[in-house]
Amino acid sequence: MSTIHHIGITVSDLASATTFYRTLSGGEAIGPLIKSGPAVEAATGYPGVEISMTFVRASNDVFIELLEYRGADAPRIDPNNGHIGAAHPAIVVDDIEAAIAQATDLGYPPLSATMVAGTGPLKGYRYVYILGPDEVRVELLQAPHSSSS
């Protein structure tokens, strides 16, 4: 069976993005790692690029890969969820109210009140979106039977 190893997010400030995602996920930061050279240029299509990256271990098997491209023309996109091709990470937390407080303390308040999913694979999950670093929408989820419910 296939699994997801990581989701990659290009960021403008690796240090602040690492703090944000590490704090919300409670994960371990691995990096920064620096990648450059012909193989990186071929893979990315950016001649002369240097990529500084950090992996945040969100669980035993899933990582958030944060990438800061240096020496490349890197225009900012609008990651609004309503735009085709947009993606967002969803982080399962033990206590959604505590996670919201942490995000707010970092300068990223929630976009709405916390809601409860009524159908589908997230039925019963509490959720809220936060506009994180570089305006990436991050979904916080709390499982239906968490001790903090």
Side-chain angles (χ1 to χ4, degrees), residues 1-35 43-46 49-149:
M1 173 183 218
S2 297
T3 62
I4 293 177
H5 181 271
H6 69 270
I7 179 172
I9 304 171
T10 302
V11 300
S12 63
D13 181 336
L14 186 63
S16 65
T18 299
T19 297
F20 175 82
Y21 288 101
R22 187 188 49 73
T23 299
L24 288 185
S25 70
E28 165 195 14
I30 302 165
L33 311 168
I34 307 297
K35 302 285 185 176
T44 64
Y46 288 105
V49 73
E50 177 182 273
I51 302 174
S52 183
M53 64 177 67
T54 296
F55 288 87
V56 176
R57 184 188 313 267
S59 73
N60 287 339
D61 298 320
V62 180
F63 296 83
I64 300 169
E65 178 189 34
L66 303 170
L67 307 127
E68 183 179 332
Y69 281 62
R70 298 175 180 159
D73 178 23
R76 183 178 300 269
I77 64 166
D78 181 352
N80 185 308
N81 280 0
H83 293 176
I84 295 171
H88 71 274
I91 300 171
V92 179
V93 297
D94 292 331
D95 182 341
I96 199 164
E97 298 307 327
I100 290 168
Q102 289 176 316
T104 300
D105 287 348
L106 291 171
Y108 303 100
L111 296 176
S112 69
T114 303
M115 296 174 266
V116 177
T119 61
L122 293 179
K123 183 177 181 177
Y125 274 78
R126 296 178 70 207
Y127 70 96
V128 70
Y129 282 87
I130 291 172
L131 198 59
D134 298 305
E135 299 184 355
V136 172
R137 279 153 182 80
V138 177
E139 185 176 6
L140 296 179
L141 297 165
Q142 181 179 320
H145 300 294
S146 290
S147 59
S148 299
S149 299

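Every value quoted in this text rests on a predicted model; they were computed, and no experiment measured them. What you see below is based on every heavy atom in this structure, not just the backbone, and it leaves out hydrogens, waters and symmetry mates.
Side-chain contact check for Arg57 versus Arg22: every heavy-atom pair is 4.5 Å or farther apart. Between Pro144 and Val116 there is no side-chain heavy-atom pair separated by less than 4.5 Å. Using a 4.5 Å heavy-atom cutoff, the side chains of Arg137 and Asn80 are in contact. Residues Val56 and Glu28 fail the side-chain proximity criterion, which asks for heavy atoms closer than 4.5 Å. Looking only at side-chain heavy atoms (C-beta outward), Val136 and Ile9 come within less than 4.5 Å of each other. Taking 4.5 Å as the limit, some side-chain heavy atom of Ile30 sits within range of a side-chain heavy atom of Phe63.
Taking CD of Gln142 as the start and CG of Asp94 as the end, the distance is 8.0 Å to the nearest 0.5 Å. Rounded to the nearest 0.5 angstrom, Leu66 CG and Met53 CE are separated by 10.5 Å. Between atom NZ of residue Lys35 and atom OG1 of residue Thr44 there is a gap of 13.0 Å, rounded to the nearest 0.5 Å. One distance of note links CD1 of Ile100 with CG of Asp105; it measures 12.0 Å at 0.5 Å rounding. Note: Glu50 CD to Tyr69 OH = 12.5 Å, rounded to the nearest 0.5 Å. With rounding to the nearest 0.5 Å, the separation of CD1 in Ile84 from CG in Asn81 is 13.0 Å.
Proximity of a side-chain donor or acceptor of Asp134 to a complementary backbone N or O of Ser12 within less than 3.5 Å is detected. Glu68 places no side-chain N or O within 3.5 Å of a backbone atom of Ser52 that could act as its donor or acceptor partner.
Residues Glu139 and Leu122 come closest through the heavy atom pair OE2-CD1, 4.2 Å. Taking each heavy atom of Thr23 and Gln102 in turn, the nearest pair found is O-OE1, 3.7 Å. The two residues Pro110 and Ile130 have their closest heavy-atom pair at CA-CG1, 3.9 Å. Leu140 and Ala99 get closest at one heavy-atom pair: CD1-CB, 3.9 Å. The two residues Ala90 and Leu141 have their closest heavy-atom pair at CB-CD1, 3.9 Å. Of all non-hydrogen atoms in Glu135 and Leu131, the two that sit nearest each other are O-CD1, 3.2 Å.
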Given Ile64 and Ile91, is the side chain to side chain contact (heavy atoms under 4.5 Å, CB included) satisfied, shown in steps? CA-CA 10 Å; Ile64 300 169; Ile91 300 171; 4.2 Å; yes

From CA spacing to verdict: side chain to side chain contact (heavy atoms under 4.5 Å, CB included), Val128, Ile96: CA-CA 8 Å; Val128 70; Ile96 199 164; 4.1 Å; yes

Does the side chain to side chain contact (heavy atoms under 4.5 Å, CB included) test come out yes or no for Val138 and Tyr108, once each step is laid out? CA-CA 10 Å; Val138 177; Tyr108 303 100; over 6 Å; no

When you look at Ile51 and Tyr46, which way does the side chain to side chain contact (heavy atoms under 4.5 Å, CB included) test go after all the steps? CA-CA 10 Å; Ile51 302 174; Tyr46 288 105; over 6 Å; no

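Classification of the His5-Phe55 ring pair by plane angle, with boundaries at 30° and 60°, yields perpendicular.
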